[in-house]
Amino acid sequence: MTIENTRADNFTSILNNYKAKIVNADEAVRCIKSHNKIIIHSNCAFPSALVEAMVRRKDELEQVEIYHALTVGELPYLRPGMEGHFLHNAAFIGSNAREAVQDGRADFIPIFLSELPLLYKNGRIKIDVALIHVSPPDEHGFCSYGVEVGLTKTGAESASIIIAQVNKNMPRTLGDSFIHVSKINYMIESDEPIKELPRLEVITPDMADVYSKIGGNIAGLIEDGSTLQLGIGAIPDAVLGYLYEKKALGIHTEMFTDGVIDLVDRGIITNEMKTIHPGKIIAGFVLGTRKLYDFIHNNPLIEFHRQEYVNDPYIISKNYKMVAINSAIEVDLTGQVCSDSIGTKLFSGFGGQVDFIRGAARSEGGKPIIALPSSAKNNTISKIVPFLKQGAGVVTSRGDVHYVVTEYGVAQLFGKCVRERVKELVNIAHPDFREDLMKYAVDNKYV
Ligand code: COA
């Protein structure tokens with residue numbers, strides 16, 4: 001028997017195995033029971049057909065707990081009338097879950113994303129059923145987790161039952177990104193378009209100017225040969241537009257967006273200077289458009305890994321000149337960074353901010369950066385504040401913070417006393433608020 005014949009036989013058996021598991025969506029979710037804990041594929045991999053089938057069973061189900069991080073699109077289990085049937089636990093609050101969390105109809109788990117998958121793996125959150133969204137099996141029987149590998153793979157592997165929505169539109173991404181059909185209990189076929197999250201558009205010319213200055217200030221900190229992490233929000237996205245003069249950049253990041261494609265095409269992101277995974281972009285997931293999904297499909301330039309690996313500060317620190325760029329809601333005069341809440345209103349989450357800030361701090365030549373506009377709401381609120389709003393949470397502590405960047409410049413806080421920190425931060429605050437900030441600092445004996 002030739003190798004070709006053996007392969008053909010194997011493939012036929014894989015296909016038969018695959019076809020035997022295909023059911024319709026309503027049949028697939030029949031195994032979900034009241035009080036089950038369900039992990040749902042996060043970000044743009046949200047498997048809508050399976051989720052809709054699950055919520056169609058709401059009258060038969062009580063207290064089904066749903067776990068995931070950011071997702072894109074409507075969350076059917078947060079619709080009116082779902083209370084008591086489903087409870088959502090958000091590990092990162094997206095705009096689709098914000099109102100529910102703030103109203104007390106959904107819960108929030110403050111967690112470093114490097115540790116989220118371990119909650120499932122270690123059984124602290126014992127997952128009964130995983131709803132995942134994957135590419136069709138390849139000739140070896142492996143389906144790819146596609147646009148979101150990092151936050152879901154470990155959780156799905158911890159589940160008692162795995163249900164997969166198989167979609168030919170899901171890119172086949174490479175790395176530690178696969179699940180074999182033999183591990184999946186039920187499969188449905190659904191070719192809905194993969195959800196997209198276009199790059200945040202800068203709405204007003206004022207903000208365009210602010211983002212442009214912040215991008216320029218950050219670019220000034222990035223040396224050729226650096227490896228970058230880009231957090232979530234308008235600023236990390238905007239920075240990409242200011243790197244055209246750089247050389248030999250690398251990417252090791254929790255997530256990336258469409259903006260990376262242009263820098264790869266121009267030969268600016270080469271990954272050649274990376275000291276861990278040289279030549280490769282390393283990420284956990286992407287947030288973007290079909291253009292990005294086509295770029296990552298079967299692309300050996302990019303390796304996706306579990307978030308507990310990508311976001312591990314020790315792994316991050318092995319990158320020489322690691323630059324982490326993350327944003328914030330507000331920063332107080334001592335350097336405490338609030339990024340997940342606006343006062344008592346829970347807004348987003350830790351994400352990988354602390355993981356990457358710490359990893360970059362430990363990297364040789366590394367630079368952990370918090371970047372934010374100096375003000376919000378048409379210059380009526382300063383984002384450099386004397387003290388954090390009542391109820392606001394610290395994500396990055398004042399011990400971890402190194403660089404804070406606004407459109408007015410760069411404050412270097414690491415190793416500096418509070419007196420020096422106040423001066424650095426007041427200098428990059430919006431001019432309308434500098435006098436009041438300094439008065440507070442004087443009144444409280446900071447300076
Ligand atoms: N006081 C009151 N409101 C404020 C504020 C402040 N200090 N700062 C921001 N806001 C409001 C804005 O006006 C805006 O409101 P709107 O939507 O009504 O216009 C909203 O909060 C969001 O602010 P914006 O500056 O547009 O946010 P962004 O999209 O740039 O994201 C973070 C910034 C901090 C929310 C985001 O980076 C985040 O969630 N970070 C935490 C996790 C993280 O960094 N992870 C990294 C890897 S994923």
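Atoms within each ligand, like the ligands themselves, are counted from 1 in listed order.
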Trainee: At under 4.0 Å between heavy atoms, which part of Ser348 makes contact with ligand 1: side chain, backbone, both or neither?
Mentor: side chain
Trainee: List ligand 1 atoms under 4.0 Å from Ala234, heavy atoms only on the residue side.
Mentor: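 Per the distance check, 29 (O), 30 (O).
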Trainee: Please identify which atoms of ligand 1 are closer than 4.0 Å to at least one heavy atom of Asn326.
Mentor: 44 (O), 46 (C), 47 (C)
Trainee: If the cut-off is 4.0 Å to any non-hydrogen atom of Glu254, which atoms of ligand 1 fall inside it?
Mentor: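 Heavy-atom distances to Glu254 below 4.0 Å select 47 (C), 48 (S).
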Trainee: Heavy atoms only: which of Ile342, Leu372, Asp355 is nearest to atom 21 (O) of ligand 1?
Mentor: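 Shortest heavy-atom distance from atom 21 (O) of ligand 1: Ile342.
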Trainee: Can a cation-pi geometry be assigned to Arg266 and Tyr244, taking NZ or CZ under 6.0 Å from the six-membered ring centre and within 45° of the ring axis?
Mentor: yes
Trainee: Just to verify, what does Thr406 make a side chain to side chain donor-acceptor pair (under 3.5 Å) with, not counting sequence neighbours?
Mentor: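 With sequence neighbours excluded, Thr406 shows a side chain to side chain donor-acceptor pair (under 3.5 Å) to no residue whatsoever.
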Trainee: Heavy-atom contacts under 4.0 Å between Ile329 and ligand 1: side chain, backbone, both, or neither?
Mentor: both
Trainee: Tell me whether ligand 1 is touched by Asp340 - counting only heavy atoms on the residue side and a distance under 4.0 Å.
Mentor: no
Trainee: Cation over ring, Arg434 on Tyr408, under 6.0 Å and within 45°?
Mentor: yes
Trainee: Decide whether an N or O pair under 3.5 Å exists between Ile235 and ligand 1.
Mentor: no
Trainee: Using a 4.0 Å heavy-atom cut-off, which part of Lys389 comes near ligand 1: side chain, backbone, both, or neither?
Mentor: side chain
Trainee: Purely on distance, is any nitrogen or oxygen of Gln229 under 3.5 Å from one on ligand 1?
Mentor: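 No, no N or O pair falls under 3.5 Å.
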Trainee: Does a donor on one side chain sit under 3.5 Å from an acceptor on the other, for Ser144 and Thr173?
Mentor: yes
Trainee: In terms of relative ring orientation, are Phe414 and His402 parallel, tilted or perpendicular, with 30° and 60° separating the classes?
Mentor: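 Correct class here is parallel.
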Trainee: Given the rule in the salt bridge (charged side-chain N to carboxylate O under 4.0 Å, His left out) test, do Lys168 and Asp191 qualify, once you have shown the distances and angles that lead to the verdict?
Mentor: CA-CA 6 Å; Lys168 68 172 167 24; Asp191 292 336; 3.5 Å; yes
Trainee: Consider every N or O of Gln353 and every N or O of ligand 1, then say whether any pair is closer than 3.5 Å.
Mentor: yes
Trainee: Run the numbers for me: atoms of ligand 1, each under 4.0 Å from some heavy atom of Ser339, listed by number.
Mentor: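 Those qualifying, in numeric order: 34 (C), 38 (C), 39 (O), 40 (N), 41 (C).
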Trainee: Tell me whether Tyr211 has any N or O atom under 3.5 angstrom from an N or O of ligand 1.
Mentor: no
Trainee: Show the atoms of ligand 1 that are less than 4.0 angstrom away from any heavy atom in Gly349.
Mentor: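 With Gly349 as reference, the close atoms of ligand 1 come out as 41 (C), 42 (C).
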Trainee: Answer with yes or no whether the side chains of Tyr309 and Gln307 bring together a donor and an acceptor at under 3.5 Å.
Mentor: no
Trainee: Of the backbone atoms (N, CA, C, O) and the side-chain heavy atoms from C-beta on, which set of Pro373 has a member under 4.0 Å from an atom of ligand 1: side chain, backbone, both, or neither?
Mentor: neither
Trainee: What residues, two or more places apart in sequence or in another chain, satisfy side chain to side chain donor-acceptor pair (under 3.5 Å) together with Asn169?
Mentor: Asn167
Trainee: Once you measure the plane-to-plane angle for His430 and Phe433, does it fall in the parallel (<30°), tilted (30-60°) or perpendicular (>60°) bin?
Mentor: perpendicular
Trainee: Polar contacts were defined as any N/O atom of the residue lying under 3.5 Å from an N/O atom of the ligand; does this apply to Phe347 and ligand 1?
Mentor: no
Trainee: Measure up the Tyr77 and Phe86 rings against each other and bin them: parallel (under 30°), tilted (30 to 60°), perpendicular (over 60°).
Mentor: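 Answer is tilted, since the angle falls between 30° and 60°.
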Trainee: So, 4.0 Å and heavy atoms of Phe350: is ligand 1 close enough to count as a contact?
Mentor: yes
Trainee: Would you mind running through ligand 1 and noting each atom that sits below 4.0 Å from a heavy atom of Phe92?
Mentor: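 The list of qualifying atoms is 39 (O), 42 (C).
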Trainee: Using a 3.5 Å distance criterion without hydrogens, assess whether the side chain of Ser177 forms a donor-acceptor pair with backbone atoms of Tyr145.
Mentor: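 Side chain of Ser177 to backbone of Tyr145, a donor-acceptor pair under 3.5 Å: no, none is there.
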Trainee: Any idea which atoms of ligand 1 are less than 4.0 Å away from a heavy-atom of Lys377?
Mentor: 13 (O), 15 (O), 16 (P), 18 (O), 19 (O)
Trainee: Does Arg98 make a cation-pi contact with Phe347 (under 6.0 Å, within 45 degrees of the axis)?
Mentor: yes
